[in-house]
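Report on the following structure.
Given the structure is predicted, the values throughout are model-derived calculations rather than measurements. The chains referred to below are lettered A, B, ... by the order of the sequence lines, with proteins before strands, and numbering in each begins at 1.
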Amino acid sequence: MARAYSVTEIETKWQKHWAESGLYEVDNDDPRPKFYALCMYPYPSGSAHQGHVRNYTFGDLVTRFQTMKGHAVLSPFGFDSFGLPAENAAIKTGMHPRVFTDARIEELRASVRQLGAVYDWRREVRSHDPRYMRWTQTIFLKLFEAGLVYRKQAPVNWCPGCSTVLANEQVLTDGTCDRSGDLVEKRDLEQWFFKITDYADELLEGLDGLEWPERVKTMQRNWIGRSEGAEMDLVVDGRPDLAITVFTTRPDTSFGMTYAVLAPEHPMVEVVTTPAQRASVDELRAKVAGETDIERTSSEGGSLEKRGAFTGAHVINPFTNAPVPLYIADYVLMGYGTGAIMAVPAEDERDFAFATAHGLPIVRTTEPRDGLPEDHVGAYSGDGLKVNSGFLDGLEVVEAKRQAIEWLGTEGKGQGTVNYRLRDWLVSRQRFWGCPIPVIHCESCGVVPVPAADLPVLAPDDVEFTPSGKSPLASHEGFVNVACPTCQQPARRETDTMDTFVDSSWYFLRFCDPFDDEAPFSPEAAARWMPVDQYIGGIEHAILHLLYARFFTKAIIDVGLAPGVGREPFTRLFTQGMIRMDGSKMSKSKGNLVAPTKYYETVGADGLRLFHLFVGPPADDFDWTEQTDQVIDGCGRFLDRLWRLATADHQCRPGEASTTEDAEVRRATHRTIKKVSEDMERWSYNTAVAQLMELVNLLTRYVKTEGGASQDVLDEAIDALLLLLAPMAPHMPAELYERRHGAHVHEQLWPTFDAALVTAETET
RNA sequence: GCCCGGAUGGCGGAAUCGGCAGACGCGGGGGCCUCAAAAGCCCCUGUCCGUGAGGGCGUGCGGGUUCGAGUCCCGCUCCGGGCACCA
């Protein structure tokens, strides 16, 4: 499309100006009130795609808007530059991951500049920079010394495609890897963990005070999965020395326990199974061992009879002293609670189904006040009064729970307890392109931290990237063999690297003080800028990154590295919608990217940015369709109309407003300032753009009025338009404002409106 | 199964606190300008009846509250997302 002005010339000119003027570089002693605006730092995958454009358009808008509102805005940029794609490229092409990554960073940085987005580039942080790695490793060791990092042998998620273990959070619901899509296997391996479970309660409670999308908070709550209940010991009948601990959220139903169940992997299975039942128990255990989690948890997992087996043993119900049979069943999971349950078929759906299939008794312990309906079948898990429950009879469920727990404590048979779905964070990865875990294994001294003076531990460059499925680090003798820092005897270096989510769990703190070479950051600098006032990113990080970063911030404070810093890092979170094309997410892997580049030549970065703001609510997904190019052209047309309006030689009357039309235009101008200001605060950019379009439409008619427009009224309106548009589509307003006033639009204060002019004329 | 969202013209969407439904844009139709086209400018564009003035209907479906409901309440349908043998 033909444009009213020279897009490329103007955009290049202003991008150069912003880079050179230092307007968006802020120092830590800046006297203005602070505002920390942050987009989630990207994995450098090459030139920016539409998802980036959308993200950085929002972020840049916030930065420029808050600057015009008089804030010192910290707006940094960096790169989450460790990760698997670079290593896979190395295996494929032989190119070192650093060379590959640095080139991708260069591309992304350039294309972000082309968008007209402004940052304090002096503060750039890259995960793989030794100056950053040093502090990632320092923090790791601080957490290690504080007991928040530990090593243990555990059944872990192994992704064959990535040749490494994964955190629970990286395994999708269907049991596949969130990166490669491969089916994840269980392997028993010695691995490194962060004790995120120590923070489960704080991570849960902290959510209440955050201005985050409700669904993100809900997802985190579900993921943490807190449930209150009780643990109690069930003594094995005839073996007073043996007891099985079970967890229940319904201790009030204990009198209705008619059997108990162990997870097939439970260590007690071996001990209690009678010779007569050995065969059927082993058969079920073998079946379960051969199944993936999906097969096991699928509801079509076979008939219920086949999914459980009697162990031959009985356990004593502590409330009734009666023995009940002990089963194993695949519906009880070793990974949750104690791996064993008391079964109350009358008040639990799964227990009911299992009891029915195995002919086990069902004893009701809760009656709703109005009784159960005649046709009621199955379990009843609602409120009511206790029956068949000894000393609990007649009590409400809540009170019965309390008294049952109290009784367990008095009798020494159990206690109230809380269980979480959240597991500790598995952070070790058997990969090369990540931050090395800075410890040394010594036969006599055990696990020895690398001394601070020797940090950072860097991976050697002379390694071979072969598709062997093994980390190049493990086979590099020069890297592995090292003297123990404590006893000087030959020792071996740890060859695992950290999950890249560790890097992204503290980068926002480093941005506050990125030049510090004495510490990860100075606590004063972090306290000055933190928390992030507006965090912007994709919904895909709702659990992983956002949960880890919250945990890390708290842990860093608790090990003494960040006194005075708030415990919640992100006050306000905005999650932008996805861009879809043909029904699936627009992404490099789907191969359905629409490169932004071609639009820079037609409608410019301004036009493309305006499109992303205008297309719909920022939080909603949108579909890239055949119509999209026409809408983008429409945004370019709007910019043209404004350009012509501001530059054409209109036949104007000099001086102030005098006609009805003048008054109407003045009112419209001030209403627009009010509306756009409000819309900016509430993330309603699509309506803000619409409001600007309305004013341009009105002015287009106004300059054609009989007798001419008032020069003052027109100037006021056009200046307002340029100021309001400046955070959204920054180049063109910068150019016009300079031509009109010889000043920089982004250095002006955000316009205010005259309250007397915005009250609509009342009609009945 | 449980928990969140959502459903408005041909399309994307607007209506912020219960007060003119459809702002703004795209698409479509007509006109001006032009030798012609592009660009630009102007007008129309929910739907049905009517030549017209005008009128009927209309925010997924069925009820309700209210002077007044896209918006609030009750009961559904469909779509999207999250969680899911979690004891």
Earlier contact from the 5' end, RNA chain B, for A:G337 and A:T218: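 Its nucleotide being nearer the 5' end, the pick is A:T218.
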Of A:E694 and A:N686, the one whose closest RNA chain B nucleotide lies more 5': A:N686
Aromatic centroids of A:F638 and A:F611 separated by under 6.0 Å: no
Within the 6.0 Å centroid threshold, strictly below: A:H358 and A:Y259: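 Centroid separation for A:H358 and A:Y259: 6.0 Å or greater.
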Counting side-chain heavy atoms from CB outward, which of [options] is closest to [X]?
| X | options | answer |
| --- | --- | --- |
| A:A690 | B:G27, B:A23, B:A87 | B:A23 |
| A:E678 | B:G13, B:C24, B:U16 | B:U16 |
| A:V615 | B:C26, B:G25, B:G12 | B:G12 |
| A:Y336 | B:A87, B:C26, B:C24 | B:A87 |
| A:R215 | B:C42, B:G81, B:A87 | B:G81 |
| A:T687 | B:G12, B:U16, B:A15 | B:A15 |

Does [N] pair with anything, Watson-Crick or G-U wobble, both distances under 3.5 Å, and if so, with which nucleotide?
| N | value |
| --- | --- |
| B:G18 | none |
| B:C11 | B:G25 |
| B:G5 | B:C79 |
| B:G40 | B:C32 |
| B:G46 | B:C57 |
| B:U65 | none |

Please measure how far the [atom1] atom in [N] lies from the corresponding atom in [M], and state the result in whole Å.
| N | M | atom1 | answer |
| --- | --- | --- | --- |
| B:G19 | B:C3 | P | 30 Å |
| B:G18 | B:U71 | P | 11 Å |
| B:C20 | B:A15 | C1' | 11 Å |
| B:G30 | B:U16 | C1' | 37 Å |
| B:A69 | B:C11 | C1' | 27 Å |
| B:G46 | B:G9 | C1' | 5 Å |
| B:A14 | B:A87 | C1' | 48 Å |

Anti or syn - B:C17, cut at 90° from 0: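 It is syn.
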Glycosidic conformation of B:G9, taking syn as within 90° of 0 and anti otherwise: syn
With sugar-phosphate meaning primed atoms plus P, OP1 and OP2, does [X] contact a base, only sugar-phosphate, or nothing at under 4.0 Å between heavy atoms?
| X | value |
| --- | --- |
| A:R682 | base |
| A:Q627 | base |
| A:K675 | base |
| A:N697 | sugar-phosphate |

Counting only side-chain N and O atoms of [X], is one of them less than 4.0 Å from OP1 or OP2 of [N]?
| X | N | answer |
| --- | --- | --- |
| A:R350 | B:C86 | yes |
| A:T700 | B:C41 | no |
| A:R641 | B:C41 | yes |
| A:R637 | B:C26 | yes |

4.5 Å side-chain heavy-atom contact, A:Y685 and A:P617: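 Sidechains of A:P617 and A:Y685: no contact.
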Side chain to side chain, A:F354 and A:P345, heavy atoms closer than 4.5 Å: no
Pairing of A:E678 and A:K674 as salt bridge, 4.0 angstrom limit: yes
Under-4.0 Å salt bridge between A:K413 and A:D233: no
Chi angles and distances behind the side chain to side chain contact (heavy atoms under 4.5 Å, CB included) call for A:T417, A:I405: CA-CA 9 Å; A:T417 180; A:I405 291 170; over 6 Å; no
